[in-house]
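Quick notes on the structure that follows.
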There are 2 protein chains.
Amino acid sequence: MSKLLLVDDDIELTNMLTEYLEREGFHVTAVHNGDAAVREALNGDYALVVLDVMMPGMSGIEALSRIRTHSKLPVLMLTARGDDIDRIIGLELGADDYVPKPCMPRELVARIRAILRRTSNDTTTTNHEPLQTGALTLYPEKRQTLWHGQPLELTSTEFNLLEVLARQAGQPVSKADLSTHGLGRPLTRYDRSIDVHMSSIRHKLGNLTDGRSCIQTVRGIGYQLIGE
Amino acid sequence: MSKLLLVDDDIELTNMLTEYLEREGFHVTAVHNGDAAVREALNGDYALVVLDVMMPGMSGIEALSRIRTHSKLPVLMLTARGDDIDRIIGLELGADDYVPKPCMPRELVARIRAILRRTSNDTTTTNHEPLQTGALTLYPEKRQTLWHGQPLELTSTEFNLLEVLARQAGQPVSKADLSTHGLGRPLTRYDRSIDVHMSSIRHKLGNLTDGRSCIQTVRGIGYQLIGE
DNA sequence: AACGCCGTGTAAAGATATGTAAAACACCCT
DNA sequence: AGGGTGTTTTACATATCTTTACACGGCGTT
């Protein structure tokens with residue numbers, strides 16, 4: 001289950017919330033000041049941070065801002081009820097939600113789950129992980145491809161294009177996007193480069209058991225890598 | 001810029017908010033009851049719905065629930081300040097956020113932008129679940145069709161159109177909506193493309209046991225995929 | 001019932017997009 | 001310069017979509 005980082009200077013409250021959240025199945029780590037919060041938050045272990053706005057030393061707003069300069073980790077803010085200004089600043093700084101204090105733990109849990117649900121398959125958080133779809137695995141770091149477990153030779157451009165498709169596996173990607181991100185230039189009229197590359201990637205991948213290609217054409221739009 | 005659907009029975013308020021939101025650069029459509037809200041929300045045009053909980057007729061909660069059975073479109077709920085129960089139910093039903101009423105427009109905008117920022121590169125917004133109606137199953141993620149358990153060859157556009165119908169199976173879909181979402185262009189006068197495509201899809205599907213087609217014509221409106 | 005109007009069904013022609021082999025080009029290396 | 005590799009352009013075949021044209025059928029009117 002997900003690991004949460006709970007940040008509040010009120011030890012009493014954090015103990016109570018930790019207990020409640022752990023009963024709900026989360027792993028919880030609590031810290032009590034902004035410095036520790038930023039340090040912990042950036043170590044990559046956590047799925048979400050619950051952050052109190054009002055703390056001695058570094059305020060929650062400040063901590064949020066520092067976290068945001070380095071990461072897109074979801075942050076849920078705890079604010080004094082009715083403190084509109086903090087809420088608005090927090091949201092504009094990129095907080096994912098806020099809960100007014102004193103809060104009902106049940107509401108807090110509902111909101112945590114809502115955020116986790118939304119961010120669970122968000123591709124932006126995992127950028128250098130291998131991309132896996134069906135029998136295809138791409139290692140963006142090493143620029144290496146595995147097809148049915150076997151290494152596959154792709155040219156650099158072919159890899160780029162396949163990576164763009166794989167990051168949005170299961171949904172169509174426009175030729176314009178493929179061109180900007182895969183070829184590094186905008187698509188121009190009568191440009192058939194993408195089509196030609198798709199043709200050769202298809203050729204290298206061969207067909208699926210049902211005879212269809214792994215890369216589907218979406219006429220008038222572009223191409224789509226078929227999902228799991 | 002993004003299209004928003006604003007749902008509230010208070011005409012005065014919707015006019016005010018519409019004006020404010022449009023100054024902020026959104027396209028806004030306002031409706032004033034739950035039925036219209038669900039119908040509009042599902043037509044695929046909108047990036048987000050702002051939904052009042054308290055409405056005569058179908059309540060916001062009910063509308064949210066109906067929207068959620070068909071789509072993952074982001075929904076932001078407007079609730080009476082301090083009405084914890086509605087907020088919690090809303091969140092558990094899958095609302096993306098709520099704003100207490102009466103609200104500061106600036107806060108509403110901040111929250112709308114926060115949600116859009118989160119969902120913009122979130123693959124979960126497009127529903128990837130297989131679509132099942134009767135003997136027909138569509139796998140949007142694979143762009144594959146099963147008819148009576150057998151794979152069926154559809155062209156790209158035919159698949160798009162059938163997908164649009166299947167997402168609203170059992171209810172009529174206007175030709176305008178079919179054109180925007182299936183063909184990617186607005187319907188023009190004397191445009192018969194949709195009819196021709198329906199004809200060939202029907203041809204590929206053949207007839208049901210009772211001799212009727214799976215796709216019913218709704219004269220003057222469009223077409224409808226018959227439900228379970 | 002007979003008529004006309006309008007929307008729909010559909011075959012076939014015309015227009016457009018895609019698949020792909022091969023030529024042309026660009027770049028590196030020796 | 002010449003060869004090798006990889007990319008883009010060209011050219012043509014094919015697939016797919018749109019338009020056209022006409023037939024049919026519902027529906028309201030006479």
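Residue numbers begin at 1 in each chain, while the letters A, B, ... track the order of the sequences.
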Check the distance between [N]'s [atom2] and [X]'s [atom1] and give it to me in whole angstrom.
X: L178(A); N: dT7(D); atom1: CG; atom2: P; value: 15 Å
X: R189(A); N: dT8(D); atom1: CZ; atom2: C1'; value: 18 Å
X: I194(A); N: dA17(C); atom1: CD1; atom2: C1'; value: 15 Å
X: R185(B); N: dA17(C); atom1: CZ; atom2: P; value: 11 Å
X: Y190(B); N: dC22(D); atom1: OH; atom2: P; value: 17 Å
X: D191(B); N: dA21(D); atom1: CG; atom2: P; value: 16 Å
X: D195(A); N: dC12(D); atom1: CG; atom2: P; value: 18 Å
X: R143(B); N: dT18(C); atom1: CZ; atom2: C1'; value: 14 Å

What pairs with K175(B) under side chain to side chain donor-acceptor pair (under 3.5 Å), at least two apart in sequence or on another chain?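 Side chain to side chain donor-acceptor pair (under 3.5 Å) list for K175(B), sorted by chain: D195(B).
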Does OP1 or OP2 of [N] have a side-chain N or O of [X] closer than 4.0 Å?
X: K175(B); N: dG7(C); result: no
X: S156(B); N: dT16(D); result: no
X: T155(A); N: dT7(D); result: yes

Please determine if R113(A) and D97(A) form a salt bridge, counting it only when a charged side-chain N lies under 4.0 Å from a carboxylate O.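 Judged by the 4.0 Å cut-off on N to carboxylate O distance, R113(A) and D97(A) do not form a salt bridge.
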Applying salt bridge (Lys or Arg N to Asp or Glu O under 4.0 Å) to D191(B) and R185(B), what does each step give before you reach the verdict? CA-CA 11 Å; D191(B) 191 336; R185(B) 64 186 158 92; 2.7 Å; yes
Can you check whether G170(A)'s main-chain N or O pairs, donor with acceptor, with Q216(A)'s side chain at less than 3.5 Å?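 Here the side-chain-to-backbone pair does not exist.
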Ignoring hydrogens and geometry, is there a side-chain-to-backbone donor-acceptor pair from S174(A) to G222(A) under 3.5 Å?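 No; zero donor-acceptor contacts below 3.5 Å.
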Base, sugar-phosphate alone, or nothing: which one does S193(A) contact when heavy atoms must sit under 4.0 Å apart?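 S193(A): base contact, heavy atoms under 4.0 Å.
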Using the side chain to side chain contact (heavy atoms under 4.5 Å, CB included) rule, pick out the option among R143(B), H197(B), H181(B) that qualifies with N160(B).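 The passing option is R143(B).
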Can you list, in residue-number order, the parts of residues 196-225 of chain A that come under 4.0 Å of DNA chain D, counting heavy atoms only?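 Heavy-atom cutoff 4.0 Å gives V196(A), H197(A), R219(A).
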Residue R192(A), side-chain atoms from C-beta onward, closest of dA21(D), dA11(D), dT16(D):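 Looking only at side-chain atoms, R192(A) lies closest to dA11(D).
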Could you tell me if R192(B) and S199(B) have a donor-acceptor pair between their side chains, going purely by distance under 3.5 Å?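 No, because no side-chain N or O of S199(B) sits under 3.5 Å from a partner of the opposite role on R192(B).
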